[in-house]
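Shown next, in structure tokens, is the structure this report addresses.
Nothing here was measured: the structure is a model prediction, and the numbers come from that model. All values below were derived from every heavy atom in this structure, side-chain atoms included, with hydrogens, water molecules and symmetry-related copies excluded.
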Amino acid sequence: MMYCCSTSSSFVQALSLLPSNKINTKACRDNRCITRKTGAAHGSKEFSGKLSFPSSQKLTVHGKVEHNIAFATLLDNENPTMTNSQEETENIGIMGLDPGLEGFKDHLIYRTRKYVEQKDLIGKFEGSVEDFAQGYLKFGFNRGQDCIVYREWAPAAQEAQLIGDFNGWDGSKHQMEKDQFGVWTLKIPNSDGTPAIPHNSRVKFRFRHGNGTWVDRIPAWIKYATVDPTKFAAAYDGVYWDPTTPERYEFKYPRPPKCMSPRIYEAHVGMSSSEPCINSYREFADNVLPRIQANNYNTVQLMAVMEHSYYASFGYHVTNFFAVSSRSGTPEDLKYLIDKAHSLGLRVLMDVVHSHASNNVTDGLNGFDVGQSAQDSYFHAGDRGYHKLWDSRLFNYANWEVLRFLLSNLRWWLEEFKFDGFRFDGVTSMLYHHHGINMAFTGDYNEYFSESTDVDAVVYLMLANLLIHNILPDATVIAEDVSGMPALGRLVSEGGIGFDYRLAMAIPDKWIDYVVNKKDEEWSMKDIVLTLTNRRYTEKCISYAESHDQSIVGDKTIAFSLMDKEMYSGMSCLTDASPTVERGVALHKMIHFITMALGGDGYLIFMGNEFGHPDWIDFPREGNGWSYEKCRRQWSLVDADHLRYK
């Protein structure tokens, strides 16, 4: 049940009478299409007057709040002693930064208590959040003593088997056993000292559900999944990935130090080749990373890393959360890319998608949903479990095993692949039950703290940021949120959600509005500067004039909007520039420059947009004859001395 936010004076007292978050105690023991309104800008709500701080707080010389020590300890401590005292939960640090939050104190107290209770339960039954987030050491495939151990959480299954190349796809001799928590286990002894399942061989989880039907699914925790490229629309197979020492990639270079001001190059490995094909991790590392370094970016943000069966989803309809996208290579190839980036002084962020999952039943996590209750599924049941505009499944963030799965997923990418942080996609959809659909955010705080807020998702994000920064204190974590949720970019120990940065999503909307809808004489520097500087006090932003969103088919990049067809015929330096090209090149430079200068605490651009790459991105699909022609980057344009792209 979702309790509403109330301003009633009796609400705090009522909280102590509410039932605690209902958790499956048995499990405890075991173990984009959003309406944007630029008026909301970065979600800031202006207030005038001098900031005042409660007596328990003071502002340091560095502008940071020293908040109530007991409260901060309560939030930071992995195994806190729960006092549930009103004093310890009322002194929330973020309220000293923004007096406008005072009217929503009850809501903030409620979500903070839910966070502390959830963290306390994890500490009680799992040891700590960090231990809880090592689920990949238990679930999926792991090497035991003289055996391989395979575990899968599938409480709705009535029988289960492991099938694959190793047993001729006959699971009769590899029946699994189910425990009281819905976890299926199988131990497969080694054969003459050799693992019974060969490295790089295909496997699947076969189970029978309530109506008697047997189905084959890719293991939820699989580390690699592949598809037969010679067969159209073929199903993916899970792959047992356990390379020996010569084949396993060993990292050689340390992570670069955290950047004070990230200059982020947003990149998609698959479409980074100059040829009409899917590029590989190694080719990207050898050919594209040096370009990024040469242009003085210090961070690479990789899109579409997690396996997704539908290429044209841009990587946002994930099917296999622990597996790298096999189109571009193996897990070891991705490690080579990240290590190469580190050798060049480049940090690497991953575009992580925990806001939803592909509805693909055959290849993805959705295949484990056979109509069971939300308690026994990764997703909410009924309409709440579907995103109507994205046509995808929505996670149940209150479920114990879902928390284990998602938190472990973050730790897996940080530790196994040495990523330096994440850009969380679709955060707005996570924060609200309405998912931002048909919602024009205005900056009114009632839009952020009400029955519409998905507190379970907020608690998950707080746990995620706590985990990431505990494992990697220098991590960079960015939220893609269009709503402007207050305190999204403040520390968890202050009662915030814990992100380091938020994307300044109002800025590209403003530029598109100006470039497309306004004459030159209508451009207002006052309006432009207001948009660029309108952000929440003490919450850092990543500014950008355009990203991949403006590059996809049906939209236009800034350069394409400014110069249109003349980008094909008027970019030669061997002739005089037309007024359109001269204006377009000049404005393109100035727009990106002033965005970097005033727009926030970091800067981002999508691959190719820095030199005004012509055309939009159009992934292979039936409508274009499955062509890769417009799903690539034409680096030759910027390399040519006789073209103005340089």
Side-chain angles (χ1 to χ4, degrees), residues 32-34 36 264-279 284 288 291 301-304 308 310-317 325 327-328 351 389-390 423 425-426 480 482 503 505 507-517 544-571 580-581 583-585 587-589 591-592 595 604-640 643-646:
R32 100 168 41 59
C33 188
I34 298 173
R36 296 205 288 261
I264 302 170
Y265 198 83
E266 184 184 35
H268 185 287
V269 171
M271 54 166 289
S272 64
S273 174
S274 59
E275 301 299 322
C277 64
I278 297 176
N279 209 11
F284 181 91
V288 182
R291 290 179 176 273
Q301 179 180 300
L302 292 181
M303 305 173 62
H308 48 292
Y310 183 43
Y311 189 43
S313 73
F314 233 134
Y316 291 122
H317 281 230
S325 177
R327 292 180 182 86
S328 294
D351 210 343
L389 293 183
W390 293 346
R423 177 254 196 199
D425 180 71
E480 187 215 28
V482 70
L503 288 178
M505 300 186 71
I507 295 176
D509 287 352
K510 176 61 68 175
W511 286 127
I512 292 299
D513 177 49
Y514 266 62
V515 169
V516 174
N517 300 320
Y544 63 107
E546 53 187 338
S547 68
H548 68 273
D549 287 329
Q550 287 74 40
S551 302
I552 59 177
V553 64
D555 208 337
K556 283 187 175 183
T557 64
I558 289 177
F560 212 38
S561 295
L562 288 168
M563 293 176 280
D564 203 60
K565 62 183 180 181
E566 292 203 32
M567 295 195 74
Y568 302 114
S569 59
M571 297 299 283
T580 297
V581 169
R583 171 183 178 271
V585 171
L587 280 175
H588 188 271
K589 292 179 179 180
I591 286 171
H592 287 85
T595 300
L604 175 145
I605 197 161
F606 178 67
M607 178 176 64
N609 285 355
E610 73 276 14
F611 65 84
H613 196 289
D615 289 330
W616 51 71
I617 298 165
D618 193 7
F619 282 89
R621 55 188 174 86
E622 187 175 5
N624 65 15
W626 304 104
S627 170
Y628 287 86
E629 184 61 32
K630 294 188 185 299
C631 193
R632 59 184 179 130
R633 298 285 88 175
Q634 299 181 57
W635 303 110
S636 59
L637 296 177
V638 72
D639 292 342
L643 295 180
R644 289 189 168 87
Y645 291 102
K646 71 175 186 287

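Across Met563 and Met571, no two heavy atoms sit closer than the pair SD-SD, 4.2 Å. Taking all atoms of both residues into account, the shortest heavy-atom contact from Ser547 to Asn609 is O-ND2, 3.8 Å. Heavy atoms only, all atoms of each residue included: Gly570 and Arg644 are closest at O-NH1, 3.5 Å. The shortest non-hydrogen separation linking Gln301 to Leu604 is OE1-CD1, 3.6 Å. Between Ile591 and Ala545, the closest heavy-atom pair is CG2-CB, 3.9 Å. Looking at every heavy atom in both residues, Tyr316 comes nearest to Asp351 through OH-OD2, 2.8 Å.
Screening residues 558-568 for salt bridge (Lys or Arg N to Asp or Glu O under 4.0 Å) gives Lys556-Asp564 as the qualifying pairs, with residues at least two apart or on separate chains.
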Please walk me through it: do Tyr265 and Glu610 pass side-chain hydrogen bond (donor to acceptor under 3.5 Å, both in side chains)? CA-CA 9 Å; Tyr265 198 83; Glu610 73 276 14; 2.8 Å; yes

Determine, stepwise, if the pair Leu503 / Tyr544 fulfils side-chain contact (heavy atoms from CB on, under 4.5 Å). CA-CA 8 Å; Leu503 288 178; Tyr544 63 107; 4.0 Å; yes

Stepwise side-chain contact (heavy atoms from CB on, under 4.5 Å) test for Phe606 and Met303: CA-CA 10 Å; Phe606 178 67; Met303 305 173 62; 3.8 Å; yes

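Legend: residues meeting side-chain hydrogen bond (donor to acceptor under 3.5 Å, both in side chains) with His317, ordered by chain and number and at least two apart, are absent. Judged as a ring pair (Phe, Tyr, Trp, His ring centres under 6.0 Å), and not counting sequence neighbours, the contacts of Phe314 are His268, His548, Phe619. Checked against ring pair (Phe, Tyr, Trp, His ring centres under 6.0 Å), Phe284 has no partners two or more places apart in sequence or in another chain. Asp639 pairs by the side chain to side chain contact (heavy atoms under 4.5 Å, CB included) definition with Arg291, Trp635, not counting sequence neighbours. Remark: Gln634 pairs with no residue by the side-chain hydrogen bond (donor to acceptor under 3.5 Å, both in side chains) rule, at least two apart or across chains. Shown here are the side-chain hydrogen bond (donor to acceptor under 3.5 Å, both in side chains) partners of Tyr514, two or more places apart in sequence or in another chain: Asp527. Residues meeting the side chain to side chain contact (heavy atoms under 4.5 Å, CB included) test with Arg327, sequence neighbours left out: Tyr236, Ile278, Glu307, His308, Tyr311, Ser325.
Here the SG atom belonging to Cys631 is positioned 8.0 Å from the CG atom belonging to Asp618, to the nearest 0.5 angstrom. The distance from atom NE2 of His592 to atom CD1 of Ile605, rounded to the nearest 0.5 Å, is 3.5 Å. Once rounded to the nearest 0.5 Å, the distance linking NE2 of His588 with CH2 of Trp511 reads 12.0 Å.
For Lys589, the NZ atom sits in a loose shell: 12 or fewer heavy atoms of surrounding residues, nucleotides or ligands are nearer than 6.0 Å.
With hydrogens and angles disregarded, a donor-acceptor distance shorter than 3.5 Å links the side chain of Ser313 to the backbone of Tyr310.
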Residues 270-277, side-chain donor-acceptor partners within the protein, below 3.5 Å, at least two apart:
{"unit_1": "Ser272", "atom_1": "OG", "unit_2": "Val269", "atom_2": "O", "d": "2.7"}
{"unit_1": "Ser272", "atom_1": "OG", "unit_2": "Asn279", "atom_2": "ND2", "d": "2.8"}
{"unit_1": "Ser273", "atom_1": "OG", "unit_2": "Glu275", "atom_2": "N", "d": "2.9"}

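Annotation: side chain of Ile617 is not in contact with side chain of Lys630 (no heavy-atom distance under 4.5 Å). The closest side-chain heavy-atom distance from Phe560 to Ile558 is not below 4.5 Å. Trp616 places none of its side-chain heavy atoms less than 4.5 Å from the side chain of Thr557.
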